[in-house]
4 protein chains.
Amino acid sequence: MSTSGQQDKLKSRRRGKELETAILQAVREELQEQGYANLTMDGVAERSGTSKAVLYRRWANRAELVLAALRERVPLPLEEVPDTGNLRDDVIGVLRAMNHNNTQAMMKALYGLVTELGAVPLASLIFPDGRQNRTMTIVLQRAADRGEVAPEAITPRMLTLPSDLARHELMLYNTPMTEEMIASIVDEVYLPLVLKR
Amino acid sequence: MSTSGQQDKLKSRRRGKELETAILQAVREELQEQGYANLTMDGVAERSGTSKAVLYRRWANRAELVLAALRERVPLPLEEVPDTGNLRDDVIGVLRAMNHNNTQAMMKALYGLVTELGAVPLASLIFPDGRQNRTMTIVLQRAADRGEVAPEAITPRMLTLPSDLARHELMLYNTPMTEEMIASIVDEVYLPLVLKR
Amino acid sequence: MSTSGQQDKLKSRRRGKELETAILQAVREELQEQGYANLTMDGVAERSGTSKAVLYRRWANRAELVLAALRERVPLPLEEVPDTGNLRDDVIGVLRAMNHNNTQAMMKALYGLVTELGAVPLASLIFPDGRQNRTMTIVLQRAADRGEVAPEAITPRMLTLPSDLARHELMLYNTPMTEEMIASIVDEVYLPLVLKR
Amino acid sequence: MSTSGQQDKLKSRRRGKELETAILQAVREELQEQGYANLTMDGVAERSGTSKAVLYRRWANRAELVLAALRERVPLPLEEVPDTGNLRDDVIGVLRAMNHNNTQAMMKALYGLVTELGAVPLASLIFPDGRQNRTMTIVLQRAADRGEVAPEAITPRMLTLPSDLARHELMLYNTPMTEEMIASIVDEVYLPLVLKR
DNA sequence: CCTTAATCGAGACGGTACGTCGTGTCTTTAT
DNA sequence: ATAAAGACACGACGTACCGTCTCGATTAAGG
């Protein structure tokens with residue numbers, strides 16, 4: 001039974017961290033292909049070339065496993081901070097990036113987790129290190145340096161407002177934001193609040 | 001085992017609308033007690049004193065059944081529109097009401113539905129009749145009449161902004177908003193955008 | 001997945017006794033092919049075209065299932081009683097028949113049962129109706145009628161002695177008895193004890 | 001977790017024969033406590049304070065391990081040969097001894113072995129050195145010397161007959177023989193065949 | 001006496017089967 | 001005709017044990 005061949009008989013048996021990484025990668029692939037509701041432990045075990053016992057030794061159940069797989073990816077490698085020279089285009093750039101980093105599959109996986117792991121609030125998944133927004137901090141600081149905004153306009157609320165509205169949109173519609181939606185957030189809400197006049 | 005007495009042997013067998021209503025009520029009770037993840041068709045059948053065949057004759061699967069149960073309750077009887085005489089307190093009243101109308105259990109049920117019924121975006125569950133906000137329309141119109149806001153400030157975005165931010169908060173944290181959070185939304189974001197100056 | 005075809009989609013779903021009979025037949029087939037140690041619940045379920053849940057609804061575990069399958073066959077339809085006209089050949093005929101009715105597979109299944117179902121003594125499986133031997137009763141009675149044996153020689157012990165020794169042989173060696181072994185039992189032990197002299 | 005103290009940290013690590021003996025002893029203890037069906041390799045490893053690798057370096061599988069443990073004990077130190085001065089009491093003594101040397105647990109372990117190690121016939125376990133009966137040889141020879149039996153009555157069959165019938169009884173009922181059963185074997189079968197008349 | 005090779009103890013790993021539970025279908029009986 | 005009851009086929013769950021493997025610690029034996 002020379003099965004699915006994802007594990008070269010020449011390579012020695014994987015263990016510890018290496019094995020764990022391979023498993024979590026398999027989870028993410030299953031999430032993309034099957035979606036959270038159809039992801040099974042057997043499926044993950046087979047795809048990662050291991051056995052269910054190995055999964056259950058590390059994670060108590062399906063939800064914990066998916067949770068771990070998502071956590072690995074949530075603190076995205078501090079993405080490029082847009083630097084166009086004006087606040088409006090910087091913020092638009094930030095919001096556009098959210099379209100890509102919050103895939104449909106990932107969003108639904110998050111919903112599934114909340115449904116199953118009663119206690120886990122979404123926030124702790126989305127903001128594992130507390131509610132901060134390093135990208136926006138940089139963007140706003142640059143705008144302040146250029147004199148576009150007053151320094152005292154940089155409040156916690158103003159750091160998260162655009163992404164909060166964008167996330168709300170993404171969560172409700174489970175589809176990428178339109179350019180109009182992004183423009184509405186920036187032009188009708190954000191800029192009027194922070195720009196000097 | 002003459003169980004929970006949900007069906008008196010004296011009363012004749014229920015049918016049609018009466019039966020359906022009893023089933024959907026049982027679904028909501030199970031949701032409250034068990035949560036969406038642990039709600040089972042057998043459980044609903046037993047609680048409502050009927051059989052699974054009856055459920056499947058009406059709804060295709062678990063998700064559709066829960067969906068139906070929630071829809072019955074989503075268009076809440078148009079709640080009292082606050083009328084305190086000033087915009088700030090009216091909006092705060094609206095947001096406070098959201099704390100009560102979006103129970104934890106209901107929120108998680110919505111997440112579960114999105115997870116299982118791949119296609120259903122949350123928005124269609126929350127806004128079955130399109131994105132409108134009749135309460136805020138009334139509140140803002142009154143404020144315009146009083147001269148607190150300029151009529152041209154009443155844009156679609158301004159009708160939904162406070163509740164969007166509040167909903168975002170509720171979705172992320174799965175817990176009632178604090179008074180501080182409500183004040184932040186109103187004072188740091190909303191009023192600065194709409195109040196005449 | 002139009003699987004093994006043992007269940008015509010045209011025929012309606014089997015239930016009750018009919019289903020049960022098919023399952024026990026499948027168990028016996030698995031016993032012959034796989035042996036007791038390698039017989040699995042999944043295997044039986046697949047071969048009989050049903051599911052494990054159905055098996056477990058009727059029998060608590062593997063051993064109980066096999067036990068039921070064997071019981072159905074143990075009270076073999078009262079086999080032909082040899083009637084050759086002399087006692088020696090009659091008894092030899094009886095012992096030869098045991099070679100066929102106690103297959104290797106069945107013997108090992110019995111051992112397996114005793115191993116797993118701690119309490120069940122083999123005797124209750126082999127003699128579900130108490131230790132009797134109707135065949136030998138007839139054979140001996142005929143011999144007495146012919147005057148070969150004295151009527152008072154027909155004791156319980158003499159009814160079971162040949163088959164006891166034969167069974168001992170079959171249990172120890174798990175292989176059919178040789179003709180020499182049969183002759184030894186009859187000529188060295190049995191006839192000297194019962195024949196008139 | 002200074003566990004069950006089966007291996008004093010002060011005592012040096014066991015190897016070779018000493019280790020092997022301890023393991024087989026642990027096997028027999030597990031057999032007594034758990035029975036064959038519930039004996040596990042992990043259990044034996046833990047009880048003997050070693051690891052599974054050590055077991056599998058010496059025995060190919062569970063059955064081989066148990067087999068080895070039983071073999072150590074089967075050739076019981078040539079038990080006392082009864083010498084009462086008459087054949088009847090000597091034979092009864094031999095049969096009574098079988099009640100003690102064939103424990104229930106050991107018998108069931110033998111069944112388990114046959115079930116799993118398809119090829120191993122029970123006989124080779126019970127008679128590792130070929131079908132002989134040294135005890136009965138001595139008993140019968142003494143009887144011949146006393147003139148109770150004719151020398152030509154000492155045939156292979158007569159050496160094993162009583163123990164064969166006794167073993168058959170023990171295997172079927174998994175319980176010690178009654179005195180009546182022993183008397184029946186001796187008085188109704190054995191003595192009539194061998195005693196001079 | 002110190003190195004070196006072998007074995008030990010511990011436990012992770014890849015599998016297979018277990019027995020349970022939930023889904024969605026189907027059959028039967030009663031109203 | 002529909003309701004209530006419940007069996008049926010399916011598939012995933014989480015557990016247990018098997019037999020293999022890797023790893024570091026220990027120890028007997030040899031230079």
Side-chain angles (χ1 to χ4, degrees), chain A residues 1 3 7 9 12-16 19-20 38-46 48-62, chain B residues 1 7 9 12-16 19 37-46 48-63 65, chain C residues 1 3 7 12-16 19-20 38-46 48-62, chain D residues 1 7 9 12-16 19 38-46 48-63 65:
Chain A
M1 258 189 275
T3 33
Q7 177 206 1
K9 291 297 180 193
S12 74
R13 201 180 262 182
R14 296 162 304 172
R15 304 168 68 83
L19 176 55
E20 191 162 320
N38 297 325
L39 177 146
T40 70
M41 298 303 265
D42 291 273
V44 171
E46 186 173 4
S48 58
T50 185
S51 74
K52 282 197 292 177
V54 171
L55 304 185
Y56 282 105
R57 192 175 300 127
R58 293 158 201 270
W59 301 281
N61 49 51
R62 194 173 69 126
Chain B
M1 256 191 280
Q7 178 204 5
K9 290 297 180 192
S12 76
R13 195 177 267 180
R14 297 158 304 172
R15 315 187 142 227
L19 177 55
N38 297 324
L39 175 145
T40 69
M41 298 301 268
D42 291 273
V44 171
E46 186 174 5
S48 57
T50 183
S51 76
K52 284 197 295 176
V54 172
L55 304 184
Y56 282 104
R57 190 172 301 128
R58 292 157 205 270
W59 301 280
N61 49 49
R62 192 173 72 126
L65 170 59
Chain C
M1 262 191 275
T3 33
Q7 178 205 1
S12 72
R13 198 181 263 182
R14 295 161 305 170
R15 306 168 67 83
L19 177 56
E20 190 161 322
N38 296 324
L39 177 147
T40 69
M41 298 303 265
D42 292 272
V44 171
E46 186 173 4
S48 58
T50 183
S51 74
K52 282 197 293 176
V54 170
L55 304 184
Y56 282 105
R57 192 175 301 128
R58 292 158 202 270
W59 301 281
N61 49 50
R62 192 173 70 125
Chain D
M1 260 191 275
Q7 178 204 2
K9 290 298 179 193
S12 73
R13 194 179 265 179
R14 297 158 306 170
R15 320 188 134 222
L19 177 55
N38 296 326
L39 177 145
T40 70
M41 297 303 266
D42 292 271
V44 171
E46 185 174 6
S48 57
T50 184
S51 76
K52 284 197 294 176
V54 172
L55 304 183
Y56 282 103
R57 190 174 301 129
R58 291 156 205 271
W59 301 280
N61 49 50
R62 192 173 73 125
L65 170 59

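Every value quoted in this text rests on a predicted model; they were computed, and no experiment measured them. Per chain, numbering begins at 1; letters A, B, ... match sequence-line order.
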J.: Under 4.0 Å between a side-chain N/O of B/S51 and OP1 or OP2 of F/dG6, yes or no?
T.: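 Indeed not, no polar side-chain atom of B/S51 lies that close.
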J.: Nearest to the side chain of C/R15, heavy atoms from C-beta on, is which of E/dT28, E/dC13, E/dG9?
T.: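 The nucleotide sitting nearest to the side chain is E/dT28.
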J.: A/R57 near the nucleic acid: base, sugar-phosphate alone, or nothing, with a heavy-atom cut-off under 4.0 Å?
T.: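 The answer is base, as A/R57 lies within the cut-off (heavy atoms under 4.0 Å) of a base atom.
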J.: With respect to the phosphate group of F/dA12, does any side-chain polar atom (N or O) of A/T40 fall under 4.0 Å of OP1 or OP2?
T.: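 No, no such contact exists.
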J.: Whole-Å distance between F/dG11 P and C/M41 CE?
T.: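 In whole Å, F/dG11 P lies 18 Å from C/M41 CE.
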J.: Ignoring backbone atoms, establish whether D/R58 has a side-chain N or O less than 4.0 Å from OP1 or OP2 of E/dC8.
T.: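 Looking at the OP1 and OP2 atoms of E/dC8, one of them is under 4.0 Å from a side-chain N or O of D/R58.
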J.: Identify whether any heavy atom of D/A53 sits under 4.0 Å from a base atom; if not, whether one sits that close to sugar-phosphate; answer base, sugar-phosphate or nothing.
T.: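 Base, at least one base atom sits under 4.0 Å.
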J.: Taking only the side-chain nitrogens and oxygens of C/R14, find out if one of them lies under 4.0 Å from OP1 or OP2 of E/dT27.
T.: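 Result: no.
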J.: Go through the N and O atoms of the side chain of B/K52 and the base of E/dG24, and report whether any donor-acceptor pair is under 3.5 Å.
T.: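 Flag set: donor-acceptor pair detected.
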J.: Which whole-number value in Å describes the distance from C/D42 CG to E/dT16 C1'?
T.: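 Nearest whole value for this atom pair: 9 Å.
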J.: Calculate the interatomic distance between A/L19 atom CG and E/dC13 atom P; express it in whole Å.
T.: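 So the two atoms are 5 Å apart, to the nearest Å.
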J.: With a non-hydrogen cut-off below 4.0 angstrom, is D/L55 in contact with a base, only sugar-phosphate, or nothing?
T.: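 Answer is nothing: D/L55 stays at 4.0 Å or more from every strand.
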J.: What's A/N61 touching, base or sugar-phosphate or nothing? Going by heavy atoms closer than 4.0 Å.
T.: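 Contact class for A/N61: sugar-phosphate only.
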